[in-house]
Amino acid sequence: MTGFCRSTHRSSPRGSSPRRAHALGTAAFCLTAAMVALGQPQAADAFPEREITLIVNYGAGGSTDLSARVLADAAEEILGQPIRVENRTGGSGTVGPTFIANADPDGYTIGVASFSPMAVTPHLQEVPYTLDSFAFIVGYARYRSGLAVSTESEFETLEQLLEAARSEPLTYATTSSQEDVLMARLSRATGASFDRVSYRSGQESVTAVISGVVDVVAENPLNVVPHVHNGTLRLLASVASVRLFEMPEIPTLQEQGVDVVSESYAGLAAPAGTPPEIVAVLENAFSEALNDETVQQTMRDLGMEPVYLSSGDYRTLLEEGREAMATDLAEIGLIDN
Amino acid sequence: MEPVLAAAANVFALDHIVFLIGGVCIGVVLGAIPGLSATMAIALVIPFTLAMDPVPALLMMMGAYKGGIFGGSIAAILIKAPGTSAAAATVEDGHALARRGQGLKALKVSLFASVIGDTFSDIVLILTAAQLARVALQFGPVEYAALTVFALTIVGSASGKSLIKGLVAAVAGLSLALVGLDPTTGMPRLAFGEINLYGGVPLLALLIGILTIAELLRQIEARRAVSIAHLPPPKQPSDSRITREDAGLMVRPVVGGSILGTIIGIIPGLGPTLGAFLGYDAAWRMARRPEKFGKGSVEGIAGAESGNNAVSGANLIPLLGLGIPGDIEAAILIGAFLIQGLTPGPFIFQEAPEVVYGLYIGLIVANMVLLCFGLVAIRGFTLLAGIRTGLLFPTVFVLAIVGTYSFQQSLYDVGLTFAFGIIGYLMVKVEIPRTTFLIGFILAPLLEDNFRRALQISRGDYSIFFSSWLGNAFWIAAIASAIWIGWQRRKRAAQMETIDRQDTTR
């Protein structure tokens, strides 16, 4: 875990561009810009003067929620103001970002804008926001997954699995279109073929593989690794760009000669139009909070890998991810292109 | 023997027993408030448990869960507002008794049935966790689909007077559950572009609207003088006791409910609400007083309440045996194990026997605590019955709205609750049973998910549904159950009619 540093990076000009690109929006933008120019120095110096609300787009008790809460706890001390975490769930994680996008752009309402509702779901559902609706603050964690089969299956290695899937399609358990994209990329890269079977939660899909209903699953290490220790699952590869820190002896797909990567990120955003100075204050506070050893350990315990991405880098990552997802989703026939 | 003694010492350590009792108390009180569920009770307890040892942490959560499921029946009986969805099966009969001044009797029946169901389930867990856990792995999409169809036959017993109306309501419930994201493609379906509906219709808003708000609307309509107490006082001592006769009536449904609830608990993903409905159904089928069902049946309450509580212990069977959570509550418990550095699964019996034994002993102790605290709590809660309606109902209204809102901080949900309140009121007026509507809504995702999953696996070949012996057994059971219900309904129709003519309390 190197690469943690306090960033002095200012959010890019695009980060504060207007939420909606029509005439009215432009007018509003000019007005906002004028106000920003007039009143900003004091505002940024004094920020934050009161409680900040942090919106979490998934339910209380999950990995995203708990990691955001420890991060908020640490940032609270740095900012000197309380941060209240609020869960706004639903719509596959898009309700939270919608709420953020529509909040007052004053830095007092921020929230989790993770990879999936930013780069994946907008291709599948109508969502009332775009990447331009946000001023991104920081990217703080990587969600990874591991490709696993049942120990009762005949697949001892990744190659054996792929070989079998070349002669006859195997089934995989999936909970999101991101996993579908992963398996599509894997099929494309190796000539194997996999049929999807959909489940509602990672735990359900893992259970389906253990009981032999489905052949293979790519899931969060939190759901996979305990079963590997119990002797019911076999981990064949990490599908992220790095090995899983829980089981560092298992190589990544790339290390095994398959050029496929699938990973996802969690990050924070404020509404577009939030003054860049205020975004910078938040970015500094949260990246410092991320340096805290307890925060990092808690995230690891929750199956997330703490990773620091500056506001600009996080935005770039989302833009590129969104593009790549559009191509892949069209290819597997989930969306028209 | 040594780990057992060490575990017992651990459970009975003063601070640990305090946490356990605290968990049960929090569960009962939260469960009793409409809109706050047993799951929420656990979630609320989690922060307290993070710094604790594994055993007290798990016991506090399990205590809150058990207490929460029982607590749900308190509000169901006294104010016709189920505190949790698991209490939905208790509403009609429990409240009917309360309206006759027998609220305390109904609560005691519920409490004893709950504690017995819980204890039975815990004993099954203790004796057979390692062996029975494998059962959970027998269930694939085909088996779940067939089981759900079998479970849907309980519509027959929950339909009340008209089977047709009951079926219509059940189909409406199944259809309403189609709103939201398509479970296989993740695309919005029947949501009409309304982002708040992408997650589907929240069960809580539906439950509170259709039962609680509808009831409040009926009370407004009744236009009673504000000084009148909500419920009549008991007329004779036997109104507040479980008489010898009641105890006799309770035996069969409690046995049936406990066994069914335990089976439901072992199979992952089903949960206490289904346990309650199946328990109620079993009670109806074996009833000695079938005419009382829906109008204040001690047997019905006993079946439903032993059925939902019996799910709680058995839920831990796949959790401890395989590391697979039985339902949302058990999934939260997995988190608690992991935070404590323990991996639930077959090896935990060797790795941390003192935790497993501590959990076992603690579960039994928690049942005793639930019994004692429950007896005190229901006396306290029955004081509610003496409160003037003019004060009680506004309070219930506020709690119901706060409960709905706090579920996901959504005013949209509150709006939905009002809409369902009106629908529920109309359903009462035209005598369409709300219970079967709820059964349909609750079972729909289970049916659809597994039906479509099976077809994904077979690539659209329908013969997969008859490819497993367990699945076939459920199909046969479903057909047998439907025939049996048809026969019983016909047999009882005559009886019911005569009773209805005499029965004016409605």
Side-chain angles (χ1 to χ4, degrees), chain A residues 55 59-63 66 69 86-95 98-99 120-121 124-128 169 171 173-178 180 195-201 203-204 206-208 210-214 222-223 225-233 298 301-303 334-335, chain B residues 39-40 42-44 46 134 136-143 180-188 191 193 195-200 202 268-269 318 322-325 328 331-332 334-335 337-339 341-348 407-410 412-413 445 449 452-454 456-457 459:
Chain A
I55 306 293
S63 297
L66 292 172
R69 282 174 196 269
E86 246 184 60
N87 300 84
R88 299 218 172 236
T89 58
S92 316
T94 60
V95 169
T98 305
F99 190 84
V120 188
T121 324
L124 304 168
Q125 304 174 358
E126 293 244 344
V127 291
T171 49
T174 170
T175 56
S176 74
S177 36
Q178 220 168 328
D180 295 331
D195 288 343
R196 67 195 297 270
V197 182
S198 36
Y199 285 86
R200 282 191 194 245
S201 74
Q203 270 158 344
E204 275 185 314
V206 163
T207 304
I210 294 175
S211 60
V213 170
V214 176
L222 205 59
N223 290 334
V225 174
H227 295 289
V228 176
H229 291 311
N230 280 338
T232 45
L233 282 187
T298 313
D301 289 345
L302 293 165
L334 271 178
I335 56 170
Chain B
T39 318
M40 280 189 184
I42 293 193
L44 212 79
I46 289 182
R134 302 296 300 175
L137 292 185
Q138 297 296 315
F139 279 78
V142 173
E143 289 79 9
L181 295 183
D182 182 311
T184 70
T185 62
M187 299 286 191
I195 190 169
N196 287 299
L197 288 176
Y198 283 4
L322 296 165
I324 294 169
I328 309 161
I332 296 178
I334 279 208
F337 274 102
L338 292 176
I339 287 172
L342 297 166
T343 306
F347 294 111
I348 199 171
F407 174 57
Q408 46 188 9
Q409 283 89 36
S410 161
Y412 189 86
D413 286 1
D449 288 4
R452 294 182 64 177
R453 243 171 240 158
Q456 282 180 323
I457 290 172
R459 303 176 140 214

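Fair warning: this is a prediction, and the values are worked out from it, not measured in the lab. Residue numbers start from 1 in every chain, and the chains themselves are labelled A, B, ... in the order their sequence lines are given, proteins ahead of strands.
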Using non-hydrogen atoms and a 4.5 Å limit, figure out which bit of B/P344 sits close to chain A: side chain, backbone, both or neither.
backbone
Highest number of heavy-atom pairs under 4.5 Å with chain A: which of B/R453, B/R459, B/Q456?
B/R453
I'd like to verify something: which residue of A/T98, A/T298, A/V197, A/V213 has the highest number of heavy-atom pairs under 4.5 Å with chain B?
A/V197
When rounded to the nearest 0.5 Å, the distance separating CD1 of A/I210 from CG of B/L322 is 7.0 Å
Comparing A/Q125, A/Q203, A/E204, A/H227 against chain B, the one with the most heavy-atom pairs below 4.5 Å turns out to be A/Q125
Given A/P169, A/S176, A/A208, the one with more heavy-atom pairs under 4.5 angstrom with chain B than any other is A/P169
A/F99, part contacting chain B, at a heavy-atom distance under 4.5 Å
neither
Among A/E126, A/R200, A/H229, residue most engaged with chain B (heavy-atom pairs, under 4.5 Å):
A/R200
A/N230 side chain to B/I348 main-chain N or O, any donor-acceptor pair under 3.5 Å?
no
Chain B interface, residue from A/D195, A/V214, A/T232, A/T171 that has the most non-hydrogen pairs under 4.5 Å
A/D195
Find the one option among B/G140, B/P268, B/P183 whose heavy-atom pairs under 4.5 Å with chain A are most numerous.
B/P183
